[in-house]
Amino acid sequence: MKFKSLTLALASAMILTACGGGGSSDSSSSQPSPNTALEKQWSMYDSSYLIDSDNVLEKISLNIAGNTIYFNVDYLANNQTIDDFEDVNNFVSIVSEYLTDEGLYRLATEKTPQGYVFANLVSQKANQWVLTPASQNNLQGLKLTENFTVVDLSNKEMGLYIDGYSYLTGQDANLTPYVGQFPQRYYQQFKGKTFPQGATCLKHESSSSNKNYIQSYGTAWLGFDELENESFRKTTLGGYQVAIAHDRYSPYAYDYEAYFTTSDNVVKYGSYYAQGTTYQLNKDMQDYQADLNEAIKEYGANSPEALIETHYLSGLKTECALFNPIASQAIDQQVHLN
């Protein structure tokens with residue numbers, strides 16, 4: 001499962017996902033009252049990308065109690081049972097460890113009545129959250145800032161704002177050989193469905209950090225000594241040996257491939273981010289626009305390749321990261337595959 005966008009992986013990883021979640025630019029939409037963005041419950045969704053799953057979507061909910069953000073796995077593609085944190089770690093990409101100059105933010109693995117501790121909320125405004133990742137060892141110095149646009153979803157097409165890429169490509173059967181069968185299944189599931197009055201979402205615009213950090217996604221297969229010096233800069237961070245790639249993943253990316261060794265000599269892999277801006281939607285759109293331009297140049301404006309890139313770009317324009325309870329309740333009524 002790869003949830004979209006936020007620095008803390010309320011996405012994706014960023015664990016990055018290629019699919020957007022909208023149709024066309026929504027700049028003319030009326031904005032809800034800022035107070036609606038201060039709700040204490042938010043939900044995020046990701047497509048199953050399976051044609052035979054129980055649910056077309058997967059869902060995680062965030063609950064804010066005081067200054068703590070908790071998360072719960074509501075349902076997965078095939079309704080797997082989540083009994084403990086090991087199951088969460090196996091099925092859901094939301095969990096990450098963070099390494100800074102303070103040391104390693106170790107995961108909080110015990111479930112509370114409100115859910116698993118996800119982060120501490122330093123501040124919450126209508127269009128901005130400042131978070132510190134949860135840490136068993138009580139580290140508090142890392143501040144991750146997430147900036148949003150609040151979008152009024154009332155009467156808007158539901159499928160476009162959850163996974164617009166699948167919704168748009170699913171309307172064209174000629175694209176099935178290129179994109180697979182899931183988009184058509186997704187489109188049929190949400191065709192004609194709209195959000196009720198009062199539904200809102202938070203569209204992710206940018207992220208930033210007050211520190212350099214490595215976001216870890218799991219255990220690496222290779223040893224630290226196998227990393228070649230020509231590709232990686234080896235140094236230390238927070239008392240740990242780290243290896244950071246010399247080059248970014250792409251010209252538009254902010255992160256670098258990174259590895260570090262734990263105290264028990266386990267090698268973890270992830271992404272290194274420098275202090276400052278760590279994500280910008282506008283940069284993402286430039287990246288997709290470049291892909292579209294290249295597809296048009298190589299294959300033609302009406303080619304399947306160009307149409308697919310068009311839908312990727314269109315999806316980014318209204319992609320929503322988090323949905324309020326009214327929107328979430330409407331979505332949940334549509335997720336079970338017919």
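In this chain, numbering begins with 1 at the start of the sequence shown. In this text the structure is predicted, and so the values were computed from the model without any measurement.
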Enquirer: For the pair Asn324 (side chain) and Ala327 (backbone), establish whether a donor and an acceptor sit closer than 3.5 Å, ignoring hydrogens and angles.
Expert: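 Yes: the side chain of Asn324 pairs with the backbone of Ala327.
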Enquirer: For the atom pair CG (Leu121) and CD1 (Ile69), what is the distance rounded to the nearest 0.5 Å?
Expert: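 Spacing of CG (Leu121) from CD1 (Ile69) equals 4.5 Å.
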Enquirer: To the nearest 0.5 Å, how far apart are CD in Gln286 and CG in Leu313?
Expert: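 CG of Leu313 is found 11.0 Å from CD of Gln286.
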Enquirer: Residues in side chain to side chain donor-acceptor pair (under 3.5 Å) with Ser43, at least two apart?
Expert: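 Partners of Ser43 by the side chain to side chain donor-acceptor pair (under 3.5 Å) criterion, ordered by chain and then number, come out as Ser328.
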Enquirer: How far apart are the C-alpha atoms of Phe190 and Gln334, what are their side-chain angles, what is the distance that settles it, and do they pass the side-chain contact (heavy atoms from CB on, under 4.5 Å) test?
Expert: CA-CA 7 Å; Phe190 288 101; Gln334 310 299 332; 3.6 Å; yes
Enquirer: When you compare the side chains of Thr194 and Asn155, does any donor N or O come within less than 3.5 Å of an acceptor on the partner?
Expert: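 Judged by distance alone, the side chains do not pair up.
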Enquirer: Side chain to side chain donor-acceptor pair (under 3.5 Å) with Thr68: which residues, sequence neighbours excluded?
Expert: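 Thr68 satisfies side chain to side chain donor-acceptor pair (under 3.5 Å) with no other residue.
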Enquirer: Is there a donor-acceptor contact under 3.5 Å linking the side chains of Tyr45 and Asp163?
Expert: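 Short answer, no.
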Enquirer: Do Gln215 and Ser96 meet the criterion of a side-chain donor-acceptor pair at a distance under 3.5 Å?
Expert: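 Indeed, the side chains of Gln215 and Ser96 share at least one donor-acceptor pair under 3.5 Å.
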Enquirer: How about Gln181: does its CD atom have over 12 heavy atoms from other parts shown lying under 6.0 Å from it?
Expert: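 For Gln181, atom CD is not crowded (no more than 12 foreign heavy atoms under 6.0 Å).
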Enquirer: For the residue pair Asn212 and Asp101, confirm or rule out a side-chain donor-acceptor distance under 3.5 Å.
Expert: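 No.
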Enquirer: Find the distance between SG (Cys320) and CE (Met44) and round it off to the nearest 0.5 Å.
Expert: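 With rounding to 0.5 Å, SG (Cys320) is 14.0 Å from CE (Met44).
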Enquirer: Ignoring hydrogens and angles, tell me if any N or O in the side chain of Glu97 forms a donor-acceptor pair with the backbone of Arg106 under 3.5 Å.
Expert: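 Between the backbone of Arg106 and the side chain of Glu97 there is no qualifying donor-acceptor contact (under 3.5 Å).
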Enquirer: Val242, Tyr272: one ILVMFWY side-chain cluster at the under-4.5 Å cut-off?
Expert: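 Yes; tracing contacts between hydrophobic side chains, which count when under 4.5 Å, links both residues.
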Enquirer: Using the rule side chain to side chain contact (heavy atoms under 4.5 Å, CB included), only one of Ile162, Asp46, Asp74 pairs with Leu57; which is it?
Expert: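 It is Ile162; the other options fail the test.
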Enquirer: For the residue pair Asn78 and Ser53, confirm or rule out a side-chain donor-acceptor distance under 3.5 Å.
Expert: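 Side chains of Asn78 and Ser53: no pair found under 3.5 Å.
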Enquirer: Are Tyr299 and Leu175 joined in one hydrophobic group, where the rule is that I, L, V, M, F, W and Y side chains link up if heavy atoms are under 4.5 Å apart?
Expert: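 Hydrophobic grouping puts Tyr299 apart from Leu175.
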Enquirer: Got Tyr269 and Ser216 here, is their nearest side-chain heavy-atom distance under 4.5 Å?
Expert: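 Heavy-atom side-chain distance check fails, nothing below 4.5 Å.
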Enquirer: With a 4.5 Å heavy-atom cut-off, do Asp172 and Leu307 have their side chains touching?
Expert: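 Result yes, sub-4.5 Å side-chain heavy-atom pair found.
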Enquirer: Atom OG of Ser207 and atom CD of Gln280: how far apart are they, to the nearest 0.5 Å?
Expert: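 That separation rounds to 9.5 Å.
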Enquirer: Looking at Thr278 and Ser208, what are the two nearest heavy atoms and their distance?
Expert: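 Heavy atoms of Thr278 and Ser208 come nearest at OG1-N, 3.6 Å.
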Enquirer: How close do Glu309 and Ala295 get, counting heavy atoms only, and between which atoms?
Expert: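 Minimum heavy-atom separation between Glu309 and Ala295: CG-CB, 4.0 Å.
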Enquirer: Using the rule that Ile, Leu, Val, Met, Phe, Trp and Tyr join whenever any side-chain heavy atoms are under 4.5 Å apart, tell me whether Leu168 and Phe195 fall into a single cluster.
Expert: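 The answer is yes; both residues are in one hydrophobic cluster.
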Enquirer: So Tyr312 and Tyr288, would you call those rings parallel, tilted or perpendicular, with 30° and 60° as cut-offs?
Expert: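 If you compare the ring of Tyr312 with that of Tyr288, the planes turn out tilted.
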Enquirer: Report yes or no: does Asn120 contribute a side-chain atom to a donor-acceptor pair with the main-chain N or O of Ala134 at less than 3.5 Å?
Expert: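 Pair absent, no side-chain N/O of Asn120 close to backbone of Ala134.
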Enquirer: Salt bridge or not between Lys317 and Glu319? Use side-chain N to carboxylate O under 4.0 Å.
Expert: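 Looking at Lys317 and Glu319, the cut-off is not met.
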Enquirer: Looking only at non-hydrogen atoms, find the nearest pair between Ile214 and Ala258 and report the distance.
Expert: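 Residues Ile214 and Ala258, closest heavy atoms: CD1-CB, 4.0 Å.
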Enquirer: For the residue pair Tyr75 / Asp332, report whether a side-chain donor-acceptor contact shorter than 3.5 Å exists.
Expert: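 Looking only at side-chain atoms, Tyr75 and Asp332 do form a donor-acceptor pair, the distance falling under 3.5 Å.
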Enquirer: Should Gln124 and Ile64 be marked as a side-chain contact (heavy atoms from CB on, under 4.5 Å) after you check the CA-CA gap, both sets of side-chain angles, and the distance that decides it?
Expert: CA-CA 10 Å; Gln124 182 188 19; Ile64 301 173; 3.9 Å; yes
Enquirer: Does the side chain of Lys59 come within less than 4.5 Å of Val335's, by heavy atoms?
Expert: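 Counting from C-beta outward, Val335 and Lys59 never come under 4.5 Å.
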Enquirer: What are the two closest non-hydrogen atoms of Gln136 and Leu107, and how far apart are they?
Expert: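 Nearest heavy atoms, Gln136 then Leu107: NE2-O, 2.7 Å.
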Enquirer: What distance do Leu202 atom CG and Glu146 atom CD have between them, rounded to the nearest 0.5 Å?
Expert: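 One gets 11.0 Å once the value is rounded to the nearest 0.5 Å.
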Enquirer: Mind running side chain to side chain donor-acceptor pair (under 3.5 Å) on Asn147 and Ser206 for me, showing each step along the way?
Expert: CA-CA 5 Å; Asn147 294 304; Ser206 65; 3.0 Å; yes
Enquirer: Using modelled atom types only, decide if a donor and an acceptor are shared between the side chain of Thr318 and the backbone of Tyr161 within a distance under 3.5 Å.
Expert: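 Judged by distance alone, no pair lies under 3.5 Å.
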Enquirer: Should the pair Arg248-Asp255 be classified as a salt bridge under the 4.0 Å nitrogen-to-oxygen rule?
Expert: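 No, no charged N to carboxylate O under 4.0 Å.
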Enquirer: Anything under 30° is parallel, anything over 60° is perpendicular, the rest tilted; go ahead and classify Phe182 against Tyr49.
Expert: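 Ring orientation of Phe182 relative to Tyr49: tilted.
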Enquirer: Given Lys193 and Glu157, is the salt bridge (Lys or Arg N to Asp or Glu O under 4.0 Å) satisfied, shown in steps?
Expert: CA-CA 6 Å; Lys193 303 297 191 302; Glu157 288 186 89; over 6 Å; no
Enquirer: Test side-chain contact (heavy atoms from CB on, under 4.5 Å) on Glu305 and Tyr178; report intermediate values, then the result.
Expert: CA-CA 8 Å; Glu305 292 83 358; Tyr178 302 88; 4.2 Å; yes
Enquirer: Can you give each donor-acceptor pair under 3.5 Å made by side-chain atoms of residues 226-236, sequence neighbours left out, with the distance rounded to 0.1 Å?
Expert:
from	atom 1	to	atom 2	distance (Å)
Glu226	OE2	Gly223	N	2.7
Lys234	NZ	Phe224	O	3.4
Lys234	NZ	Leu227	O	3.0

Enquirer: What is the distance from atom OG of Ser154 to atom NZ of Lys156, rounded to the nearest 0.5 Å?
Expert: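 Those atoms lie 7.0 Å apart.
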Enquirer: Check which hydrophobic residues are tied to Tyr70 through side-chain heavy-atom contacts below 4.5 Å, counting indirect links as well, and list them.
Expert: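 Val117, listed by chain and number.
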Enquirer: Is it true that Gln275 and Tyr273 share a donor-acceptor pair across their side chains at a distance under 3.5 Å?
Expert: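 Judged by distance alone, the side chains do not pair up.
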Enquirer: Take Trp129 and Ser123 through the test side-chain contact (heavy atoms from CB on, under 4.5 Å) and record every step on the way to the result.
Expert: CA-CA 6 Å; Trp129 294 9; Ser123 66; over 6 Å; no
Enquirer: Listing request: all side chain to side chain donor-acceptor pair (under 3.5 Å) pairs with a residue in residues 289-298, at least two apart in sequence or in separate chains.
Expert: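 Passing the test, one end in residues 289-298: Gln289-Asn293.
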Enquirer: Is there a donor-acceptor pair closer than 3.5 Å between any side-chain N or O of Asn63 and the backbone N or O of Gln41?
Expert: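 Answer holds: no.
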Enquirer: Checking ring pair (Phe, Tyr, Trp, His ring centres under 6.0 Å) between Tyr98 and each of Tyr213, Phe260, Tyr217, which is the one that passes?
Expert: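 Answer to the ring pair (Phe, Tyr, Trp, His ring centres under 6.0 Å) test with Tyr98 among Tyr213, Phe260, Tyr217: Tyr213.
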Enquirer: According to a hydrophobic-cluster definition based on side-chain heavy atoms being under 4.5 Å apart (Ile, Leu, Val, Met, Phe, Trp, Tyr only), do Leu144 and Tyr256 belong together?
Expert: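 Different clusters.
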Enquirer: Flag the pair Lys283 / Tyr254 as yes when at least one side-chain heavy-atom distance between them is below 4.5 Å, and no otherwise.
Expert: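 Answer yes - side chains close enough.
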Enquirer: If you look at every heavy atom in Gly103 and Leu139, which pair is closest and at what distance?
Expert: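 In terms of heavy atoms, the two residues are closest at C-CD1, 3.8 Å.
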Enquirer: If every non-hydrogen atom of Gly115 is compared with every non-hydrogen atom of Asn72, which pair is closest and at what distance?
Expert: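 Reported closest heavy-atom pair: CA-OD1, 3.3 Å.
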Enquirer: Transitively linked via ILVMFWY side-chain contacts under 4.5 Å: Leu62 with Val122?
Expert: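 Different clusters.
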Enquirer: Tell me, please, which residues at least two apart from Thr100 pass side chain to side chain donor-acceptor pair (under 3.5 Å).
Expert: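 If we apply the side chain to side chain donor-acceptor pair (under 3.5 Å) test to Thr100, skipping adjacent residues, the hits are Glu102.
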Enquirer: So that I know where these two stand, are Tyr279 and His204 an aromatic pair - ring centroids less than 6.0 Å apart?
Expert: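 Yes, ring centres under 6.0 Å apart.
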Enquirer: Any heavy-atom pair between the side chains of Lys268 and Val266 that's under 4.5 Å?
Expert: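 Of all side-chain heavy-atom pairs linking Lys268 with Val266, at least one is under 4.5 Å.
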